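From a predicted model like this one, the values you see are computed outputs, not experimental measurements.
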Amino acid sequence: DILPENRQQVEDILIRFGLIAHTDNAGAVRKSAIACVAFNTCPLALAEAQRYLPTLITKLEPVLQKHGLADDEISLRMTGCPNGCGRPYAAEIGLIGTAYGQYNLHIGGDRFGYRLNKKYKENLDEPAILSELDNLLGVYSQQRYSGETFGDFAIRNNWV
């Protein structure tokens, strides 16, 4: 709803504060990731989600880069409790908080939300999450079919 005569002024502000560059330079996973609000907003939260997910993605991006998957639009969602407000059960990779700093890792959903994922590992901390994803993404990058998504690959390989 920006009036045409105000467009340049708004664009200049976005450029000055680096928002356009930040968005343009973000990886595919970061651009599509979703998290629930979790702490401090939700009384049901057992773990962080919205405030933590950007940090986790920053640590995951070198793993994606290492495996040539930085531009792959793998869906990643995180929630602070099993209620699933961030829709982690419909993602290719879902992280569901179980305690502060602990998450269940679910894999095997599809990019369009038509297939639910399944629990792969329980109560992982950050190093364990990154290690598991490094291993899984490494196999995926080497053995996937042309055009095959991570969730479809996980199902085809009976990981879940």
Side-chain angles (χ1 to χ4, degrees), residues 1-81 83-97 100-103 105-115 117 124-138 140-142 144 146-154:
D1 293 335
I2 298 171
L3 297 173
E5 60 266 21
N6 296 333
R7 181 182 166 91
Q8 190 59 52
Q9 182 182 9
V10 171
E11 206 167 288
D12 290 344
I13 292 169
L14 295 173
I15 290 168
R16 183 174 59 221
F17 289 101
L19 295 173
I20 291 176
H22 177 75
T23 301
D24 287 347
N25 294 327
V29 170
R30 185 179 299 273
K31 285 180 181 178
S32 66
I34 297 173
C36 73
V37 295
F39 293 141
N40 288 335
T41 304
C42 180
L44 301 175
L46 303 169
E48 288 284 5
Q50 178 177 291
R51 296 186 303 179
Y52 171 58
L53 185 57
T55 300
L56 181 64
I57 291 173
T58 297
K59 294 176 181 183
L60 181 60
E61 285 172 330
V63 172
L64 293 163
Q65 189 74 29
K66 175 174 90 171
H67 297 299
L69 300 171
D71 296 324
D72 202 8
E73 296 179 6
I74 299 170
S75 64
L76 171 64
R77 298 179 184 168
M78 175 180 272
T79 190
C81 79
N83 287 327
C85 295
R87 300 186 315 252
Y89 304 109
E92 291 178 279
I93 300 171
L95 294 163
I96 294 94
Y100 195 80
Q102 301 285 310
Y103 299 86
L105 173 60
H106 290 229
I107 60 173
D110 72 320
R111 290 192 185 163
F112 304 106
Y114 298 137
R115 179 182 60 234
N117 56 33
L124 302 178
D125 61 6
E126 181 181 278
I129 291 167
L130 293 170
S131 176
E132 288 294 337
L133 291 177
D134 186 13
N135 292 332
L136 295 171
L137 293 168
Y140 166 64
S141 71
Q142 295 299 313
R144 67 180 172 167
S146 178
E148 186 175 32
T149 65
F150 178 75
D152 292 344
F153 182 83

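Separating the CG atom in L64 from the CZ atom in R30 is a distance of 10.5 Å, to the nearest 0.5 Å. For the atom pair CG (L137) and CG (L60), the distance works out to 6.5 Å, reported to the nearest 0.5 Å. Atom CZ of R87 and atom CD1 of I34 lie 4.5 Å apart (nearest 0.5 Å). For the atom pair OG1 of T79 and CD of E48, the computed distance is 12.0 Å after rounding to the nearest 0.5 Å. Here the CD1 atom belonging to I93 is positioned 5.5 Å from the CG atom belonging to L76, to the nearest 0.5 angstrom. Here the CG-CD1 distance, from L136 to I74, works out to 10.0 Å after rounding to the nearest 0.5 Å.
Judged by distance alone, the side chain of N117 and the main-chain N or O of P88 form a donor-acceptor pair under 3.5 Å. Remark: the backbone N or O of G101 is not paired with any side-chain donor or acceptor of D125 at under 3.5 angstrom. Side chain of D110 to backbone of R115: a donor-acceptor contact under 3.5 angstrom is found. Of the possible donor and acceptor atoms, none in the side chain of N6 sits under 3.5 Å from a partner among the backbone N and O of I2. Of the possible polar contacts, one joining the S75 side chain to the E92 backbone as a donor-acceptor pair under 3.5 Å is found.
When all heavy atoms of C36 and A49 are compared, the closest pair comes out as O-CB, 3.5 Å. The shortest non-hydrogen separation linking A47 to Q102 is CB-O, 4.0 Å. Of all heavy-atom pairs between E132 and L124, the closest is CG-CD1, 4.1 Å. The heavy-atom pair separating A38 from G80 by the smallest distance is CB-CA, 4.1 Å. A91 and G94 make their closest contact through CB-N, 4.5 Å (heavy atoms, listed as atom of the first residue, atom of the second, distance).
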Assess whether side chain to side chain contact (heavy atoms under 4.5 Å, CB included) is satisfied between R144 and L69, documenting all intermediate values.
CA-CA 12 Å; R144 67 180 172 167; L69 300 171; 3.8 Å; yes

Applying side chain to side chain contact (heavy atoms under 4.5 Å, CB included), run through Y100 and F39 and close with a yes or a no.
CA-CA 10 Å; Y100 195 80; F39 293 141; 3.4 Å; yes

Between D72 and Y140, does the side chain to side chain contact (heavy atoms under 4.5 Å, CB included) criterion hold? Intermediate values first, please.
CA-CA 11 Å; D72 202 8; Y140 166 64; 2.9 Å; yes

Would L133 and L105 count as a side chain to side chain contact (heavy atoms under 4.5 Å, CB included) here? Give the steps.
CA-CA 9 Å; L133 291 177; L105 173 60; 4.1 Å; yes

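With a 6.0 Å radius and a threshold of 12 heavy atoms from other residues, nucleotides or ligands, E11 has its CD atom above the threshold. Counting non-hydrogen atoms of other residues, nucleotides and ligands closer than 6.0 Å to CG of D71 gives a total of 12 or fewer. The number of heavy atoms from other shown groups lying within 6.0 Å of CD (E5) is above 12. Surrounding CD of E73 are at most 12 heavy atoms belonging to other residues, nucleotides or ligands under 6.0 Å away.
Partner of V63 under the side-chain contact (heavy atoms from CB on, under 4.5 Å) criterion, chosen from E61, Q65, H67: H67. Each of I96, I129, L46, L56 was scored for a side-chain contact (heavy atoms from CB on, under 4.5 Å) with Y103, with one residue passing: I129.
Using a cutoff of 4.0 Å between basic side-chain nitrogens and carboxylate oxygens, E126 and K59 are scored as salt-bridged.
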